[in-house]
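Here is the structure we will look at.
Naming convention: chains lettered A, B, ... in sequence-line order (proteins, then strands); numbering from 1 in each chain.
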Amino acid sequence: MITHPTAAELTEALAGVEAGPPGDARAAFIARVADNARATLEREAALGPAAEAAAVARLRILLGRDGDFEALNAELCARLRDGRLAPLDPAVLAHLKAGLVDQVAIDQPSYWGLAALRSESAPR
Amino acid sequence: MDVSAALSALAPRLSAAATAALNVRRLSGGASQETWTFDLDDGTPLILRRRPPGGAMSAAALPLSTEAALQAAVGPRGAPVPEVVRVCEPADGLGEAYVMRRLSGETLGKRIVRDEAFAAVRPGLARRCGEVLATIHATPLDGLPPLNVSDAASELARYETVYRQSGARRPVFEAAFRWLEERAPPPLERPVLVHGDFRNGNLMISPEAGPNGGLIGVLDWELAHLGDPAEDLGWICVNSWRFGEWRRPVGGFGDYQDLLDGHAAAGGEPVSLDRLLFWQALGSLKWGVMCLMMYASFASGADRSIERAMIGRRASETEIDLVLLMEQAA
């Protein structure tokens with residue numbers, strides 16, 4: 001599940017959006033952000049469950065244990081933090097990359113970095 | 001306080017022939033500073049930067065008089081910065097503030113990296129950025145106002161603390177903290193003046209190359225400090241300010257080697273691509289943690305706007321940059 005913010009928090013923030021006076025630049029900006037948030041929520045409802053199920057399946061293999069997404073993701077974070085898993089471990093990177101492709105497809109599908117992630121390599 | 005009236009009263013001290021301030025308009029402003037544009041009646045175009053009354057100074061931001069002093073120190077050495085006209089005194093009635101010349105150019109990254117108008121300056125811009133950074137980094141420290149000193153390890157530790165406080169569990173950040181910790185370059189024996197926020201948005205670009213190669217102003221000195229020159233070289237390469245031109249790592253307009261060559265040609269200490277990439281990765285990580293910090297003001301109830309909530313969803317874009325850099329290193 002995506003947090004910081006969660007879908008529930010976005011829904012709550014959207015409920016607090018009030019229409020501004022016509023022609024007001026700040027109100028127009030907020031309206032665009034709100035549209036963006038609504039589209040994000042729609043994508044999350046459509047894509048989120050499958051992304052989470054795929055993450056759980058990957059994490060079970062990577063960590064060699066069972067659990068729900070929150071528990072497995074917390075375990076991955078703990079093992080990376082204390083060094084039981086190395087940051088450049090190819091299996092870790094493969095999981096991170098797959099999860100990121102799914103998350104950015106929900107958060108910012110037009111973000112250019114998604115193309116970089118899906119291409120062969122970044123420029124250098 | 002009436003900013004317009006205060007500026008008119010100050011006009012004769014800003015330019016001998018002036019008697020009034022015209023076209024006074026606020027451009028932008030956050031919690032820690034405001035920017036105003038105005039003209040004097042003798043035609044002088046100016047900018048006022050001031051701390052809003054009661055405005056909280058963020059822990060990292062410098063006093064405005066320090067920003068002004070840094071611009072005054074680097075300008076005569078050849079770094080393009082707006083000329084400081086006056087550092088305000090209490091009697092000026094503007095609070096903590098300073099006035100500088102207004103430059104004419106473009107700061108919007110999206111236009112700089114894409115518009116046809118900038119096609120002629122783009123090819124030379126990365127090299128020019130390297131040259132200007134070398135000039136800034138070579139500024140003698142004697143006589144500069146007090147500045148914080150930071151290095152790679154202290155910056156990492158600072159941002160890891162903020163990340164832990166956020167309560168987020170993001171494995172990309174966990175991996176990145178450990179990866180960068182292992183590679184962190186040691187503190188420099190002689191840290192240099194670092195701009196600290198050298199990127200699209202803070203660089204004023206002119207469509208004409210001219211003697212300045214298109215880079216006519218380095219703005220926004222509030223994050224300046226003493227540190228590693230590679231910090232500035234890496235920060236402008238963070239993916240979040242390439243505006244879609246992700247194949248051109250330097251600000252969406254140039255290549256790493258042009259930036260490094262410009263820096264070395266202007267007398268900068270040699271910086272390897274690996275060291276630059278370390279600071280680029282740390283920059284992405286910092287920007288990702290900043291997105292979480294901005295979201296935190298929503299979560300705490302301090303700012304319940306949709307804007308603050310949504311910025312948290314931009315943390316994932318920085319994770320892309322980090323994963324790509326870790327893959328390259330693996």
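- Among B/D321, B/I311, B/D255, B/V172, the residue making the largest number of heavy-atom pairs under 4.5 Å with chain A is B/V172.
- Most heavy-atom pairs under 4.5 Å with chain B, from the set A/T3, A/V17, A/D89, A/N36: that is A/N36.
- Residues A/L80 and B/R178 are not in side-chain contact: their nearest non-hydrogen atoms beyond the backbone lie 4.5 Å or more apart.
- For B/I306, the parts lying under 4.5 angstrom from a heavy atom of chain A are both the backbone and the side chain.
- Interface summary for chain B: among A/L76, A/N73, A/V92, the most heavy-atom pairs under 4.5 angstrom belong to A/N73.
- Residues B/R304 and A/E9 form no side-chain contact, since every pair of their non-hydrogen atoms from C-beta on lies 4.5 Å or further apart.
- Atom CD1 of B/I320 sits about 10.5 Å away from atom NZ of A/K97, to the nearest 0.5 Å.
- Of the atoms belonging to B/R314, heavy atoms from both backbone and side chain fall under 4.5 Å from chain A.
- At least one side-chain heavy atom of B/R170 sits less than 4.5 Å from a side-chain heavy atom of A/Q103.
- Separation of atoms CG (A/L85) and CD (B/E174) is listed at 11.5 Å; rounding is to 0.5 Å.
- For B/R313, the side-chain hydrogen bond (donor to acceptor under 3.5 Å, both in side chains) criterion is met by A/E44, A/D107, not counting sequence neighbours.
- For a residue to count as touching a neighbouring chain, one of its non-hydrogen atoms must lie under 4.5 Å from one of that chain's; by this rule B/Y295 touches chain A with the side chain only.
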Criterion side-chain contact (heavy atoms from CB on, under 4.5 Å) on B/E307 and A/R32, from CA distance to verdict: CA-CA 10 Å; B/E307 181 192 5; A/R32 280 200 303 278; over 6 Å; no
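- The parts of A/L10 that come within reach of chain B are both its backbone and its side chain, each placing non-hydrogen atoms under 4.5 angstrom from that chain.
- Looking only at heavy-atom pairs under 4.5 Å with chain A, the residue among B/R308, B/E182, B/R164 that has the most is B/R164.
- Scanning all heavy atoms of the two residues, the minimum distance from B/P171 to A/C77 falls at N-SG, 3.6 Å.
- Proximity to chain A (any heavy atom under 4.5 Å) is shown, for B/F173, by neither the backbone nor the side chain.
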In sequence, state the C-alpha distance, the side-chain angles, and the governing distance for A/H4 and B/R169, and then conclude on side-chain contact (heavy atoms from CB on, under 4.5 Å). CA-CA 10 Å; A/H4 295 68; B/R169 292 223 167 91; over 6 Å; no
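- For the set B/E160, B/E245, B/Q257, B/M326, the entry with the most heavy-atom pairs within less than 4.5 Å of chain A is B/M326.
- You'll find the side chain of A/T40 reaches within 4.5 Å of the side chain of B/M310, heavy atoms only.
- In this structure, OG in B/S316 is found 6.0 Å from CD in A/Q108, a value given to the nearest 0.5 Å.
- Counting all heavy atoms, side chain and backbone alike, B/A175 lies closest to A/P87 at O-CB, 3.3 Å.
- With a 4.5 Å cut-off on non-hydrogen atoms, A/T11 does not touch chain B at all.
- Environment of CZ in A/R43: crowded, with over 12 heavy atoms of neighbouring residues, nucleotides or ligands closer than 6.0 Å.
- Expressed to the nearest 0.5 Å, how far CD of A/E12 lies from CZ of B/F298 amounts to 5.0 Å.
- Under the ring pair (Phe, Tyr, Trp, His ring centres under 6.0 Å) criterion, B/F38 pairs with no residue, sequence neighbours left out.
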